[in-house]
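In what follows, chains carry the letters A, B, and so on, assigned in the order in which the sequence lines appear, proteins first and then strands, with residues in each chain numbered from 1. Computed from a prediction, not measured in an experiment: that's the story for all the values here.
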Amino acid sequence: MLQGPGIVWYLGIAAFLFAIGALGVLIRRNPLIVLLSLEIMLNGGNLALIAFARHAGNGAGQIFALAVMAVAASEVCVGLGLVVALHRRRLAMDVDQLSELRG
Amino acid sequence: MIATPHVDWFAISTILVLLGSSGIALLGAVLVPRPWRRTFAATVAGLGSLGGIVTSIWLYVDSATGSRVISDSFYRDRWTALSQVILCAITLATVVLGKEHIVRLDDEHVAEFFALLLASAAGMTFFVGAANLMTLFLSLEWFSIALYVMCAIDYDIEGSLEAGLKYLIIGGFGSAGLLFGSALVYGATNRIGFVEIAQAVAQHGLSGDLLLVLGLALILAGLAFKMSAAPFHMWTPDVYTGAPTPVTAFMSSATKVAALVLSLRVLQTAFPQEAHLWTWALAVIAVASLVIGNLAALVQTDVKRLLAYSSISHAGFMLIGLSVGTALGARALVYYLIPYSAMAFGSFAIVAVRERELGTRVTLENLAGFGWERPFLGVAMWFFMFGFAGLPLGGGFIGKFYVLSAAYNHGWTWLVIVGVLATLVSLYYYLGVVRAIYMRPSSELALATGGSPARETLVNVAVGAALTVSVGSLVAVGPLITLAKHAAATLPF
Amino acid sequence: MILVWIVWVLAGFACLASAIAVVSFSNPFYSALSLIGNLGSLAVFYLLLSAEFVAAAQVMVYAGAVMVMFLFVIAYVGPRMETPWAGGPTWQSVGAVLAAGAIFLEIIVALGLKAGGRLKHSEHVHRTFGTPGWIGRLFLTDHLLAFEITSIVLLVAAVGGVILGSHTKRRTA
Amino acid sequence: MTVSSFTTVLICLPLAGALAIWILPLSRYATGALALLVSLVEVGVWIEQAARFDFQRSGLQFAQHRTWISDLHVSYHVGEYAFSLWLVGLTVVAMAACVGYGFWVGRERPRAYFGLMLFLTGATVGVFVAQDLLLFYAFFEAMLIPLYVLIGVWGGAGRLGATIKLLIYTMAGSLLMLAALIVYGLKVGTFDLVAGPTSPSRWLFLGFMLAFVIKAPLFPFHGWLPDAYREAPPEVTAILSGVIAKAGTYGMLRIAIAKFPEPAHYYRTLILALAAAALVYGSILAFRAPDFRGVVAYSSMAQSGLIALGLFSGTTLGYDGAILQMVAHGLISVSLFLLAGTVERRTTTGQFALLGGMAKGRPALATLLLTTGILSLAVPGSASFAGEFLILAGSYQRAWWWAVIGAVAIVLAAMYMLRLISAVLHEARGSTVHDEALDLRTGELALIVPLVGVLLALSVWPDAISHHSFAGDMPTAVVQEQFK
Amino acid sequence: MIAGAWLCLCAPLAGALAITGAGERISRRNAGWLSTASVFVAFGGAVWSFLGLRSHGSEHGVISTAWTWLESGKFHVGLSVLVDPLSTMMMLIVSGVGGLIVLYSIGYMDGDDEERRYFAYMSLFVFSMLLLVQGGNLLLLLAGWGLVGLSSYLLIGFWHERPSAVAAAKKAFVMNAIGDATMALAFFVLIAHSNSLEFTTSFATAGHLSSTTVNLVALGLLGGAAAKSAQIPLHTWLPDAMEGPTPVSALIHAATMVTAGVYLIARTHPIFEQARTVELVAAGMGALTLLVAGLIALVQVDIKRVIAYSTMSQIGYMFLGAGVGTYAGGMFHLMTHAFFKALLFMAAGLVIHALSGEQDIRKMRGIGTLMPWTRWAFLAGALALVGLPPFSGFFSKDAIIAAALHDHWYGVVLAVAALGGAFLTGLYTFRLYFIVFGHGQVSDAIDGSHHGEGPKTMLVPVGILAVLAVVGGWIQLSPWWHPVTSWLSPVAATLGVAEPPKSQEVLASVLAVALGLAGVALAYALYGQNRLAVPRLPGVQRALEHKLYFDEAYDALFFRPAAALAGVLRRDFEEPIVLASGPDLGEGALEAGAGVRRLQTGLLRTYVFFLGTGMAVLAIVFLAVR
């Protein structure tokens, strides 16, 4: 039996994290913060997975969460690589400035 | 002692072959002296994808009855195998194209490029066989991450990094949605395997369950993003334009194949009870893609952007086949994918040649006279454009016929009408390309300096192969449909 | 019980606050630090949800390795101040809130409607649930393939990072 | 080679020729010669086929059937009825003349040009012999592909706009036809034209008809016509109006009328009205067109209207007359446009204001233009008169006013065609007509004289077509039985 | 016999083809001889048929079919020739007079650049005319009908550098096309009812038709006849047609083609007899035309136009005759008219030729003294035209007047008109004669350019025709001697009502001759001796000089509205709506595309926003629908 608050509360937190992360991606221009916001979104998903795993009492959720962690790390790795490359190319750290391609 | 599951190595042999050659290519990046590196890596990659084709064909032949392997997390069936054949063929063509047209600077990162290409192809070949939400998500990220890097690999070109970053961030957003959706579906059914999800829904009467449909919505959005279907398409033009053209060629064909094929499997296998939702949703998405892709393409001057929008509209067409959720639709989809990917790949390859020759972005303006200067590529482009437009110069014609037939069979005559109207609009810009390459004298064109002389041998081979496939699929409809039929037979309809 | 509730409330508060902080700090450095707090509070949740191994991994992998990487890069490129909400058309900011809010509300509504139902009673779980050994067993049996491809994803990302980050001589001109 | 494969040979020979021309690195001269040879062989094959054709027997002849897409019941099914035999004949003869014209004037980029011309031949023949809806559609569309390039590359100054218009208009129609044929084929379970049953659906009928009325074209679907006819190279315009437009009217007969008898009956008055409108409107505009090709272009539209009038009158005379008129007008407009080409080559223009007086010292040009023009206005006794007479007699049996409108058009035709003849040949010499402009040369004569000769022969014996288009005496019955 | 008919039909065609095909390989002169020969061969054929038919004694003639020309369902039409009394008579006239005129042309056209073309056209015309008269069914008749119109067009516009000639040619063709169209409509009715255009079947059918229908058929035929024979209201082309070379006017616009309308009525009289109303309309039309044309002829100054109006007037007589039922009378007048009118034209042609193309009679004064032969020939023709005994016109014209008189009140009106016409004929004919050939000062203009009498090739045919003009009428002197009527009776039996008693014949003859003489006398007074001043009626004169404003009226009523309609359609419908609608739709699509393109801002956040919104919307919909 789950102690403390019910699974729903955790899920509420997860939803909030997902939403706030999305908001971050939507309103921030610094690619680094955008990447951080993406992490928050993924963590929201992770929390949901683990909460459901606990709720269902089956391990898939936890495994999934672990894998997601690795994936998140990978994304960050590539994302940071891009940021570094941007920096090297003396490009602005502002996603709004990256609008060479449009139309 | 842990009882590890039985591993059916043959089922994942294609993936292994691709991964293995990716590894060898990567080693080559370190061990092979620089002058040989390009040739070495390309050869390894070529052989690898060739091997992939062989093994996946073998797999197709040997998997008449579908089954799940390795703790039920991967499908060994003809649907997987056929998609793998297509994917490996695209990869091979990309290798051939990339041998000459990727990363001009000191051959830096060339070997890594081929390694990533193969890794990404391996990811896709896995993706199409994924049997649960976890393997789905992981393999999606697998090939996506490789693609992010490939987009940005030529970071000296203007826009390459921008494309990479845009793709990464939007892709991350999409995957996060997919993840959350998977979590919700998992929460609703306590299962992650596709088959089990459907079973759970059936057993517990979960159809219409709030969490389930919410999860389905998020998953659908994440997958639609990968197919670059509107309104999840907005990254597509920018990324296709900014990425090195061979990568664009690969993405426009392979990614779509993978995303569409897998989407059909997920939806049919895991969510058959929610068909009333996703069929309509996909139909609407298809219409949106047709409308937006075609209208936006009308006003493009940059050829890569134009083709990018065209790929959005074709995603719309293929989504029609997907959306009807019938065996006919599945056949239509698989059939459509073959000429489509050949044409998409071929046209981008031709753009790559022109780009290299001019040293600048290819626009409709500076395509002038191209058809006369390079007769073969011109004719090929002609075929591709008319084929895209659904004129009977290639399988695109039958493909459209097929998906529209599927739509009608499902009772969606309105979708047939939308499809033909969209084709009509698309005609304008496809003809525009033909007009640019043939009907304007090249004297109108001030050739930019800084281009390098075209190296054409291998490109011609790649384009020729694409041309053969696209025209051949018109003639050999029968056999291809039989293949598609057998492949689709493994899905539950 | 009470203790659990207190921990939960504290962690929840920290989690929400740090998440908001991440997206609102104008200095990426602070944002990154806030994220560490966020990850930490999540780890607490994981523990409460009997996911010990995940909690540990969260702290080590995420808060440790990943965030360190972040901080390095932020230090490398130099923290660049930037105000949230600024730039871009107004409709987009409004739309951003609406979209994010809509997603949030949808999930909340879905949960709220379900809260009284099946979600109310969680399963009893065995003591080993979430332990490293249990996780390890799962990794080697039911989720062998997922485990393997996770490693491949990491490998690909590593290669990508190297390619993107490597600093070679630029062509002059 | 069995007898049946004649039809396939007719389709594939030019396609193979096209391929050979594209692939073989031949000289300019050799390319043209090869193309001409191929098209002449094609004519020969057709003659052989016509000689073996059994006009007494009803049903499809020289048929071949192969499954193409099994699960949708689509097949490669080709074969000829008597009336399609004539249209195929028109196609191969016209194409041979036009290829010859291209050879004579020495088109730039010969390999591309001749390849496309042969491709066009194959596709057009395909339209007339296809007995499967999808195959028909494929050929119907395939015709556009070479046309687009032929006009766009070798056309006049306004060619780009004209090509876009041509394609968009005609595709707008044919894509709706695609929708209609999908619905039809799936509903009845086969795409085969011979085996397929009739359908009472009015929507489907309209879907098919739209394609045909645009292709023909009938009023008011002719927005593409003036530009395309003016900007295309003359031989391509000749094909457009002489052959391609006939694909539209052929489709009306083979598909719209045969497969949708009930809707055809229901919409008969509407379509007859459109046809009559095309007839009168085209004639009136032809009368005011300021240039050679403009006149012929609008007159082609009028003639399409006339043919449609015959077909939709639904009478024996109407059907026979329509087939005869298709062939006769096809040959006439090919000759006229080729003549327009020869005039334009000599004067650089087709504007009447700049032309005139060309008859003086150019007897061959004058004679041929006069003869063709006179044939075109359907002077009594000519093949085109025979066709027109049958059509109008047939439409009279439907309702008297159609014949009256047709009779008005006879007068209008005389007016515009005489205006054309005198504006080019007669009165004072135009400012662009120089003395050095030669009479028709041997090469040009060799192209146009045979066409005119065929027309004259048909004038002497129009029954060759009018009585050999439908097996048996009653075309109405044959059409009702769907040519079985 | 049949072979003769085929020979007759084909010889001129062969001549035309040979001249066309030979091109410059044949000399101009030889082309002329070839053409002449071909027409005389045709004449031989005609004679052969005539003799054959006489000995054969066939009542209704013989039809010979070469092959089926057109066939559709039950309807079928053979390429066949008909040899019967009516057609043989016409064959003889056409090929005989035609041969003489073609012969005459050799001299007349000598020196023209394009003689070959001329002779080809002439042969083509003779062929067409023979096809018209020999055609074994209505459709072939129509074919010949159209082809003569074509040849007429070609020959009127022969001098195509002259805009007026081209315009006249076009006018002639279009007017005739109207007639062709009405005939075609009449045929459609017949086909609809009998599925046949054979003469016998059609005539039999006509008997079963309702009176409205048969009237419509007859009206259609009458339209064709009126157009071809330049009867009011379709007459305006004929005077303009004088733009053609004079032999053309003689052959086509006097002797043969324009009288085809009479032939048509005679040929299809069983139909007209079912439609008496229409027949009477035809008679009235003839009467009106003969008066109007006679009046207009009074003021014309172009020698050929005067004769042209006279032709219209004389054809009016023939229509009158046919209309009241004396088909043979009409045909008889047709024959004599062919002789004397061809003669008049050819004599006029001699004058014109001598004056190098001058046609204004005011500039010809005194030419008679220089060209005595011509003058005598012309006089013979003029007297025949006026219808004084014993010249041919007397016999034929008076028969018609007598027949008309026989009918009830309407007949009287017609007869009065015809008698008025006789007076007018005398007046305008001799006005012409006295102005051109009268005694007087030879004008200076003539002296310099005059060539004297023409060459033998011209004089011989004129001589022959002069003789025929005098004696041609003697073969029938109704009611006492009437071989023509009997000859034609199997195919064109005179209506009973049109069989005038002898008293009427005498009365008509006396009145006509007296009035004709009065006309001549007045002309002599006015123009021959200038004893009387020409009365000054400026309004009337102007109206007549403008040919009673028919051209102007047609221009205002038909041509201008049609041209304006075409202009309006082109400017206000075709260009802005039909041609522009496609591009406008295209513009619309492009604008929509530009709109979509503006959404593609290049800003990452916009893209994510759409992705997020898409997710949210999808989720809401799914939750709502489930």
Side-chain angles (χ1 to χ4, degrees), chain A residues 1-8 10-13 15-24 26-30 32-33 36-37 39-40 43 47 50-51 53-57 59-60 62-63 65-67 69-78 80-85 87-88 93-94 96, chain C residues 1 4-5 8 12 15-16 19-20 22-23 28 31-32 35 38 42 45-46 48-51 54 57 61-62 66 69 73-74 76-77 80 82 84-85 87-88 93 96-97 100 103-104 107-108 111 115 119-120 122-125 130 135 138-139 143 146 150 153-154 157-158 160-161 164-165:
Chain A
M1 186 66 198
L2 185 64
Q3 295 189 325
I7 193 86
V8 174
Y10 291 95
L11 292 172
I13 299 273
F16 181 80
L17 286 180
F18 187 75
I20 202 82
L23 189 66
L26 284 168
I27 62 171
R28 296 309 300 254
R29 291 178 297 163
N30 188 328
L32 286 164
I33 298 185
L36 291 174
S37 304
E39 292 305 308
I40 297 182
N43 274 305
L47 181 53
I50 289 176
R54 175 63 191 78
H55 172 71
Q62 289 198 10
I63 302 294
L66 282 168
M69 267 182 219
V71 165
S74 312
E75 263 184 21
V76 165
C77 172
V78 172
L80 289 178
L82 283 167
V83 169
V84 169
H87 179 70
R88 290 238 184 79
M93 276 303 135
D94 182 347
D96 277 10
Chain C
M1 276 300 271
V4 174
W5 268 104
W8 192 90
C15 181
L16 299 188
I20 292 172
V22 170
V23 297
S31 290
L35 186 63
N38 183 270
L42 281 174
F45 283 147
Y46 294 166
L48 291 178
L49 289 166
S50 339
V54 184
V61 176
Y62 239 136
V66 174
M69 201 155 70
V73 171
I74 292 172
Y76 176 71
V77 303
R80 188 183 165 284
E82 175 245 348
W85 307 105
S93 304
V97 175
I103 294 175
F104 178 60
I107 303 171
I108 292 300
L111 289 171
L119 285 184
K120 201 165 181 183
S122 299
E123 297 284 327
H124 286 281
V125 291
I135 293 282
L138 280 180
F139 262 140
H143 301 290
T150 309
V153 173
L154 280 169
L164 293 172

(Q) Given heavy-atom pairs under 4.5 angstrom as the criterion, report whether the side chain, backbone, both or neither of A:Ile50 touches chain C. (A) both

**Q.** Choice from C:Ile20, C:Leu16, C:Ile107 maximising heavy atom contacts with chain A below 4.5 Å
**A.** C:Leu16

Q: Measure distances from A:Leu23 to the heavy atoms of chain C and classify the residue's part below 4.5 Å as side chain, backbone, both or neither.
A: both

Q | Under the side-chain contact (heavy atoms from CB on, under 4.5 Å) test, residues paired with A:Ala60 that sit two or more places apart | A | A:Asn58, B:Tyr186, B:Ile192, C:His143

Q. Can you name the closest pair of heavy atoms from C:Ala157 and A:Ser74 and give their distance?
A. CB-CB, 3.2 Å

Q.
Can you tell me which of A:Val78, A:Leu26, A:Leu36 forms the most heavy-atom pairs within a distance under 4.5 Å of chain C?
A. A:Leu36

Q: Among A:Leu82, A:Asn43, A:Ile33, single out the residue with the greatest number of heavy-atom pairs under 4.5 Å to chain C.
A: A:Asn43

**Q.** Option from C:Thr150, C:Leu138, C:Val54 for which side chain to side chain contact (heavy atoms under 4.5 Å, CB included) with A:Ile63 holds
**A.** C:Leu138

Q. For A:Glu39 and C:Leu35, which heavy atoms make the closest approach, and how far apart are they?
A. CB-CD2, 3.9 Å

Q: First locate atom CD1 of A:Ile13, then atom CG of C:Leu42, and finally report the distance between them rounded to the nearest 0.5 Å.
A: 9.0 Å

Q: Identify the two heavy atoms, one from C:Pro28 and one from A:Leu32, that lie closest to each other, and give their separation to 0.1 Å.
A: CB-CB, 4.5 Å

Q.
As an exercise: rank C:Ala158, C:Ala146, C:Ala51 by heavy-atom pairs under 4.5 Å with chain A and give me the winner.
A. C:Ala51

(Q) Can you list everything that forms a side-chain contact (heavy atoms from CB on, under 4.5 Å) with C:Val23? Sequence neighbours excluded, please. (A) A:Ile20, A:Ser37

**Q.** chain C contact via A:Phe18 - side chain, backbone, both or neither, heavy atoms under 4.5 Å
**A.** side chain

Q: Could you tell me whether the side chain of A:Gln62 and the main chain of C:Ser50 form a donor-acceptor pair under 3.5 Å?
A: yes

Q) Mind checking whether A:Pro5 and C:Val4 have side chains closer than 4.5 Å, heavy atoms only? A) yes

Q | Nearest heavy-atom neighbours spanning C:Leu49 and A:Arg54 | A | O-CD, 3.3 Å

Q) Of the backbone (N, CA, C, O) and the side chain (C-beta and beyond), which part of C:Leu154 lies under 4.5 Å from a heavy atom of chain A, both, or neither? A) both

Q. Shortest non-hydrogen contact from C:Ala96 to A:Ile27?
A. CB-CG2, 4.0 Å

Q) Can you say whether A:Leu11 sits under 4.5 Å from chain C via the side chain, the backbone, both, or neither, judging by heavy atoms? A) both

Q. Any idea which of C:Ile74, C:Ile135, C:Ile103, C:Val97 has the most non-hydrogen atom pairs under 4.5 angstrom with chain A?
A. C:Ile135

Q.
As a quick check of understanding, evaluate side-chain contact (heavy atoms from CB on, under 4.5 Å) for A:Leu66 and C:Val61, giving each step before the final call.
A. CA-CA 10 Å; A:Leu66 282 168; C:Val61 176; over 6 Å; no

**Q.** A:Leu17 and C:Cys15, any side-chain heavy atoms less than 4.5 Å apart
**A.** yes

Q: Working to the nearest 0.5 Å, report the span between CG of C:Leu164 and CZ of A:Arg88.
A: 9.5 Å

Q | Distance-minimising heavy-atom pair for A:Ala73 and C:Val66 | A | CB-CG2, 3.8 Å

Q: Check each atom of C:Tyr62 against the heavy atoms of chain A and say whether the ones under 4.5 Å are side chain, backbone, both or neither.
A: side chain

Q: Can you tell which part of A:Ala56 gets under 4.5 Å to a heavy atom of chain C, answering side chain, backbone, both or neither?
A: backbone

